**Student:** 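Here it is: the structure, laid out below.
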Amino acid sequence: MNDSVKVRFAPSPTGFLHIGGVRTALFNWLYARHHGGKFVIRIEDTDLSRSTEESIQEILESMRWLGLDWDEGPFRQMERQDRHKEVVQHLLDQDKAYPCFCTPEELEERKKEQQKKGEKPKYNGKCRNRSDRPDAPHVIRFKSPLEGTVRVHDLLRGNVDFDIAELDDLIIQRTDGTPTYNFVVVVDDADMGITQVIRGDDHLSNTPRQALLYDSLDYPRPQFAHISMILGEDKTRLSKRHGATSTLAYREMGYLPDALINYLVRLGWSHGDQEIFSREEMIKHFDLSSITTSAAVFNPEKLQWLNAQYIKSTPPLELAQHFEPILVQEGVLKESHGLRPEEIAKPIPYLAERSKTLVEMAQGAEFYFCDELVFDEKAKTKFLKPEAAPLLGKVAEGLQALADFSSEAIETFLKSIVEAEGIKFGKLAQPTRVALTGKTVSPGIYDVILLLGKDRSIQRLRSACEWIETL
RNA sequence: GUCCCCAUCGUCUAGCCAGGCCUAGGACACCGGCCUUUCACGCCGGCGACGCGGGUUCGAAUCCCGCUGGGGACGCCA
């Protein structure tokens, strides 16, 4: 293991993990795996009012489903409070931080005034030099330098300069004694020995503040790489309205983790013209230098196409383990079905090339797994008509007599009927399809018969005939 | 408003750093055709972009400046 690389994914547990977060996690994971370094998960839960245990579990479950394994953690920042307090005290002792007694209301009012005047809203430094220490609620602010520039070196964008005058004295500890993000992120990254901070570019403007903190704490700064964000179709930040659905929702919609990962890796990263990457290939080729810095729009159609590719190329038995929960979810199978993976995998070869999601696949597999066939009413009235009955009867009879029950034999047999009757193949295939599957859409008709087996096929054909007679 | 980032087909991107090989390549989507027992798959073809204006240069998608546009940040959120 390469000790010189250690990266982290640091989600805040204030909701589910969405696509944007997954991509940040993925890039960190790939960076660690490519360099043989370590990937750690750290839960940024310092906002007590919004963090939930449920979110933490959902985030971790998402990571596991996606196969993004971590080497250390998950650490929780709240468990490191003593350390954070110690560092705050250290800053206080060195006169690099100070208590501020301004109330939120006061601050709010000043902010409004500044905005009215067209100024950048900033703390005015009121408590920066006050010498009294009243026994009143207060926050701790970092005593930022007043002038100069901070140069942040970004691995993807080069040097970015910020005017210190744009910054103000940020709060590092709240009134309730808990530390704030910009402060803990510095302390934790430094303590944990994080070497590269790869995160969304919404953090780029926080970086000068953090850089200043690193400097005044005498910590070496890590390297920074700010990747672009993923935008919704309207080109605004991903939100609940967009594709910012929970990662686990994609699982429910029938997406494969590999497809999602593959889709996401190509958002902002490329390796020539290659579109499909195995994990090994991604790890092998992943490189910060082939990352684009412009924002990417989330495109569900391409994700769906990739999903279809993965459904087609994943071995049936392997696909079965993802397919089974979807079959249950879609009500095709009962939770207590007791079927072995081999049995679940049976219809997959016939369904894979016509399914974009596992949900579609489950619907297509209904005829195979159900005991009682459910008919599509339109299909029934259109194809199960009196003139179809004799044909269906002949198919049933012929199948009964078929010694060699193979796809080829079935084909030869069905074609012989078509020839004898002097009809088009579709005239026979469609009613048969409806009789066997209840739908007008299904795998190839020989495959359907083969899949169902002789007895079930004959039984369904017969009951279709019986139904026609009741007309 | 201030600061920061970004800018190639509708979308993801290659090309840009080391200017000519670019009448700009690939992929998704879309359109047309072929295949065909349904739906698909697949195959073939088509549509479609260097935001604008200045420079630098023999030559610019590529370098520089400005503009415009988009995004982000400006929380006792992360």
Side-chain angles (χ1 to χ4, degrees), chain A residues 10-14 44-47 49-51 100 102-104 107-108 111 114-122 137-141 152 154 156-157 160-163 165-168 170-176 178 180-182 184-185 199-208 226 228-229 231 233 235-237 263 266-276 289-290 292-306 308 312 351-356 360 364 379 383 411 414-415 418 424-430 432-434 437 439-446:
Chain A
S12 70
T14 53
E44 313 244 305
D45 56 353
T46 53
D47 184 349
S49 61
R50 297 200 304 158
S51 299
C100 167
C102 298
T103 63
L107 260 18
E108 184 58 32
K111 189 166 135 188
Q114 285 167 326
Q115 278 171 331
K116 214 184 283 173
K117 282 191 236 163
E119 288 167 14
K120 181 163 184 159
K122 278 170 48 178
H138 61 272
V139 299
I140 305 294
R141 284 184 189 269
V152 170
D154 185 279
L156 303 174
R157 299 158 207 264
V160 184
D161 292 331
F162 295 86
D163 188 345
E166 290 292 327
L167 276 23
D168 62 3
L170 83 143
I171 292 169
I172 57 177
Q173 189 177 91
R174 302 184 182 92
T175 306
D176 67 2
T178 56
T180 60
Y181 167 73
N182 280 113
V184 253
V185 78
R199 70 214 323 187
D201 73 8
D202 48 336
H203 287 279
L204 184 55
S205 38
N206 287 324
T207 312
H226 290 93
S228 62
M229 311 188 52
L231 272 24
E233 278 171 290
K235 300 208 174 191
T236 63
R237 195 184 175 137
Y263 174 70
R266 284 285 290 102
L267 247 37
W269 176 79
S270 61
H271 180 68
D273 285 336
Q274 191 171 342
E275 295 288 351
I276 297 178
S289 68
S290 37
T292 346
T293 42
S294 51
V297 174
F298 179 74
N299 180 214
E301 281 83 29
K302 189 158 181 183
L303 167 60
Q304 199 170 63
W305 172 77
L306 269 165
K312 270 180 283 195
L351 262 6
E353 65 186 26
R354 61 196 89 227
S355 308
K356 287 192 160 46
E360 268 182 41
F383 292 105
E411 177 174 357
L414 288 185
K415 283 189 172 158
V418 168
K424 279 185 141 188
F425 194 86
K427 282 283 174 207
L428 175 65
Q430 282 307 79
T432 306
R433 191 187 313 281
V434 174
T437 69
K439 296 171 187 171
T440 54
V441 172
S442 83
I445 198 66
Y446 319 135

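Just so it is clear, the structure is predicted and the values come from calculations on it, not from any experiment. Convention: sequence-line order gives letters A, B, ...; per-chain numbering from 1. Computed over heavy atoms, backbone and side chain alike; hydrogens, waters and symmetry mates excluded.
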**Student:** For Glu275(A), what residues pass the side-chain hydrogen bond (donor to acceptor under 3.5 Å, both in side chains) criterion, not counting sequence neighbours?
**Tutor:** Arg266(A), Lys302(A)
**Student:** Relative to the 5' end of RNA chain B, which residue comes earlier, Asp273(A) or Ser228(A), by the nucleotide with the nearest heavy atom?
**Tutor:** Ser228(A)
**Student:** Say you pick atom C1' in C44(B) and the same atom in U62(B); how far apart are they, in whole Å?
**Tutor:** 34 Å
**Student:** When all nucleic acid strands are considered with a 4.0 Å heavy-atom cut-off, which category describes Ser270(A): base, sugar-phosphate, or nothing?
**Tutor:** sugar-phosphate
**Student:** For a quick test of reading the model: is some side-chain N or O of Thr46(A) closer than 4.0 Å to OP1 or OP2 of A78(B)?
**Tutor:** yes
**Student:** What's the CZ-C1' distance between Phe425(A) and C35(B), to the nearest Å?
**Tutor:** 16 Å
**Student:** Measuring from the side chain of Lys312(A) (C-beta onward, heavy atoms only), which nucleotide among U37(B), G42(B), G72(B) has the closest atom?
**Tutor:** G42(B)
**Student:** Who is the Watson-Crick or G-U wobble partner of G48(B), with both distances under 3.5 Å?
**Tutor:** none
**Student:** Is Lys439(A) close enough to U38(B) that one of its side-chain N or O atoms is under 4.0 Å from OP1 or OP2 there?
**Tutor:** no
**Student:** Where the side chain of Thr180(A) is concerned, which of C76(B), C5(B), A29(B) is the nearest nucleotide?
**Tutor:** C76(B)
**Student:** Using atom P in both nucleotides, what's the gap between A29(B) and U11(B) to the nearest angstrom?
**Tutor:** 16 Å
**Student:** Who passes side-chain contact (heavy atoms from CB on, under 4.5 Å) against Pro300(A), sequence neighbours left out?
**Tutor:** Glu233(A), Phe298(A)
**Student:** What nucleic acid atoms does Ser294(A) come within less than 4.0 Å of, heavy atoms only: base, sugar-phosphate, or nothing?
**Tutor:** sugar-phosphate
**Student:** Base, sugar-phosphate alone, or nothing: which one does Pro208(A) contact when heavy atoms must sit under 4.0 Å apart?
**Tutor:** nothing
**Student:** Considering only atom P, compute the distance from C9(B) to G26(B) and round it to an integer number of Å.
**Tutor:** 16 Å
**Student:** Please work out if His226(A) contacts a base, only the sugar-phosphate, or nothing of the nucleic acid, heavy-atom cut-off 4.0 Å.
**Tutor:** nothing
**Student:** Is the base of C17(B) syn or anti, if syn means a glycosidic angle within 90° of 0?
**Tutor:** anti
**Student:** Between the protein and nucleotides 9-12 of chain B, list the N/O to N/O atom pairs that are separated by less than 3.5 angstrom.
**Tutor:**
from: U11(B); atom 1: OP1; to: Lys235(A); atom 2: NZ; distance (Å): 3.0
from: C12(B); atom 1: OP1; to: Val297(A); atom 2: N; distance (Å): 2.8
from: C12(B); atom 1: O2'; to: Arg266(A); atom 2: O; distance (Å): 2.9
from: C12(B); atom 1: O2; to: Lys302(A); atom 2: NZ; distance (Å): 3.4

**Student:** State the pairing partner of C17(B); accept Watson-Crick or G-U wobble contacts with both distances under 3.5 Å, and report none otherwise.
**Tutor:** none
**Student:** What does Val139(A) touch in the nucleic acid at a heavy-atom separation under 4.0 angstrom: a base, only the sugar-phosphate, or nothing?
**Tutor:** base
**Student:** In whole angstroms, how far is the P atom of C4(B) from the CG atom of Leu156(A)?
**Tutor:** 19 Å
**Student:** If you measure from the C1' atom in A73(B) to the same atom in C22(B), how many Å do you get, rounded?
**Tutor:** 38 Å
**Student:** Tell me, with the steps shown, if Thr207(A) and His226(A) meet side-chain contact (heavy atoms from CB on, under 4.5 Å).
**Tutor:** CA-CA 10 Å; Thr207(A) 312; His226(A) 290 93; 3.1 Å; yes
**Student:** Can you tell me the distance, in whole Å, between the CZ atom of Arg354(A) and the P atom of U36(B)?
**Tutor:** 15 Å
**Student:** For Lys427(A), I'd like to know if atom NZ has over 12 heavy atoms of other residues, nucleotides or ligands within 6.0 Å.
**Tutor:** no
**Student:** Using purine N1 to pyrimidine N3 plus N6-O4 or O6-N4 for Watson-Crick, or N1-O2 and O6-N3 for G-U wobble, both under 3.5 Å, which nucleotide pairs with G42(B)?
**Tutor:** C34(B)
**Student:** Considering only the C1' atoms, how many Å lie between C28(B) and C47(B), rounded to the nearest integer?
**Tutor:** 15 Å
**Student:** Under 3.5 Å, which N/O atoms of the protein pair with N/O atoms of nucleotides 44-51 of chain B?
**Tutor:**
none

**Student:** Give me the distance, rounded to whole Å, that separates C67(B) from A27(B) when you measure between the P atoms they each carry.
**Tutor:** 39 Å
**Student:** Between Glu108(A) (CD) and C74(B) (C1'), how many Å, whole number?
**Tutor:** 13 Å
**Student:** Check the distance between C76(B)'s C1' and Asp176(A)'s CG and give it to me in whole angstrom.
**Tutor:** 8 Å
**Student:** Heavy atoms only, 4.0 Å cut-off, all strands: where does Lys424(A) land among base, sugar-phosphate and nothing?
**Tutor:** nothing
**Student:** If you compare all heavy atoms of Lys235(A) against all heavy atoms of Leu231(A), which two are closest, and at what distance to 0.1 Å?
**Tutor:** O-CG, 3.5 Å
**Student:** Applying the Watson-Crick and G-U wobble criteria at under 3.5 Å, what pairs with A73(B)? Answer none if nothing qualifies.
**Tutor:** U2(B)
**Student:** Holding to side-chain contact (heavy atoms from CB on, under 4.5 Å), I want the full list of residues that pass it with Ala296(A), two or more places apart in sequence or in another chain.
**Tutor:** Leu267(A)
**Student:** What is the pairing partner of C9(B), taking Watson-Crick or G-U wobble pairs with both distances under 3.5 Å in any strand?
**Tutor:** none
**Student:** Quantified in whole Å, what is the P atom distance between nucleotide G72(B) and nucleotide C52(B)?
**Tutor:** 25 Å
**Student:** Which residues satisfy the side-chain contact (heavy atoms from CB on, under 4.5 Å) test with Glu353(A), sequence neighbours excluded?
**Tutor:** Lys312(A)
**Student:** Sequence neighbours left out, what passes side-chain contact (heavy atoms from CB on, under 4.5 Å) with Thr180(A)? Give chain and number order.
**Tutor:** Ile171(A), Arg174(A), Phe183(A)
**Student:** So what does Thr175(A) touch, heavy atoms closer than 4.0 Å: a base, only the sugar-phosphate, or nothing?
**Tutor:** base
**Student:** Could I get the full list of ring pair (Phe, Tyr, Trp, His ring centres under 6.0 Å) partners for Tyr181(A), not counting sequence neighbours?
**Tutor:** His203(A)
**Student:** What contact category does Lys427(A) fall into here, base, sugar-phosphate, or nothing, at under 4.0 angstrom with non-hydrogen atoms?
**Tutor:** nothing
**Student:** Can you list the residues that meet the side-chain hydrogen bond (donor to acceptor under 3.5 Å, both in side chains) rule with Asp202(A), with sequence neighbours excluded?
**Tutor:** Arg237(A)
**Student:** Looking only at atom P, what distance separates G53(B) and C39(B), rounded to whole Å?
**Tutor:** 49 Å
**Student:** Taking atom P of U13(B) as reference, at what distance in whole Å does atom CG of Leu306(A) sit?
**Tutor:** 13 Å
**Student:** Taking all non-hydrogen atoms of both residues into account, name the closest pair between Gln114(A) and Lys122(A) and its distance.
**Tutor:** NE2-O, 3.0 Å
**Student:** Should C63(B) form a Watson-Crick or G-U wobble pair with both distances under 3.5 Å, which nucleotide is its partner?
**Tutor:** G55(B)
**Student:** Go nucleotide by nucleotide along RNA chain B from the 5' end; which of Val441(A) and Thr14(A) gets its closest nucleotide reached first?
**Tutor:** Val441(A)
